[in-house]
Amino acid sequence: MYTVNNFLKVAASGGSERIETIMEKKEMLYEGKAKKVYKTDNENCYIVDYKDDATAFNGKKKGTIAGKGVINNRMSNYLMSLMEKEGIPTHFVEELSERETVVKKVKIVPLEVIIRNIAAGSFSKRFGVEEGSTLRNATLEYCLKDDALDDPMINDYQITAIGAATKEDLETIADLTFKINDFLKAYFLKLNIELVDFKIEFGKTPDGKIILADEISPDTCRLWDATTHAKLDKDRFRRDLGDVEEAYIEVAKRMGLIGE
Ligand code: UDP
């Protein structure tokens, strides 16, 4: 409906007022592991295009998860619009198509921000804590986004020392991240899903505001069925557990994003 000769008619909502604008998808700015990002003729917006490509272990394992791009696009947009209602600022503007979304232009803060509620993955390995152990408190950790360095873990002092973020920005990021965890944990529990851990990224708008960016999906969260503890996320791909597509579909169904 929106794509006519590469011209996209977008009702871009900027804050409280709604701006009707014709948005042209321009040259690709960046191709990541799971998404492509395009410039538009609106200097405040980008268009992201979700792919079915899947990678793990810093790109060493590669594959495809059929339909993943469609599910992650829908899921991320839906969760971000719910969070906006909770007062959490996000980059989400408007879903254009199954795989394309208009987002606010930001400069990504080069940190992977990770919250954990239950031990799993690298946390279990690093600290010798059995996978599945409930943690006494949620943990917050940062990794520096740098593929060449294998995204090393980094602490607050190191982050400000190298200028990856300021102290003020880190405080905002930590506050927002715990709010996002509270919201997502409660949301998924209603769907009988445990939010084990997740990774998020933040961006800075041209006027200096820190907002949630990137995506929230089974690519970036560990989601376990609360009864059976079955994994419903990218660990099925990482660990060759099978039924990868089915896991993504199951989460989307429970969220009411696709029919039975
Ligand atoms: N994660 C991610 N991208 C990364 C690394 C981790 O989305 O590049 C997510 C991962 O899906 C999990 C959480 O961050 O939900 C914590 O991952 P962990 O540090 O345990 O690393 P992993 O075991 O995935 O290597």
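Predicted, not measured: the structure shown is a model, and the values here were computed from it. Every number for a ligand or one of its atoms is a count from 1 in the order of the listing.
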TODO: Give the C-alpha distance, both sets of side-chain angles, the deciding distance and a yes or no for side-chain hydrogen bond (donor to acceptor under 3.5 Å, both in side chains) between T101 and N77.
DONE: CA-CA 8 Å; T101 293; N77 293 343; 2.7 Å; yes
Task: side chain to side chain contact (heavy atoms under 4.5 Å, CB included) partners for K62, two or more places apart - done: T55
Task: Closest non-hydrogen atom pair between V37 and V48, with its separation - done: CG2-CG1, 4.0 Å
TODO: Would you please write out the protein residues whose heavy atoms approach any atom of ligand 1 to under 4.0 angstrom, listed by chain and number?
DONE: E112, I114, R116, A120, G121, S122, D197, F198, K199, D219, T220, C221, R222, R238
Open item on the list: Does the structure place the NZ or CZ of K61 under 6.0 Å from the centre of the six-membered ring of F237, at an angle of no more than 45° from the ring's axis?
Closed with: yes
Task: Interatomic distance, E194 atom CD to L232 atom CG [nearest 0.5 angstrom] - done: 10.5 Å
Task: K25/D49 salt bridge by N-O under 4.0 Å criterion - done: yes
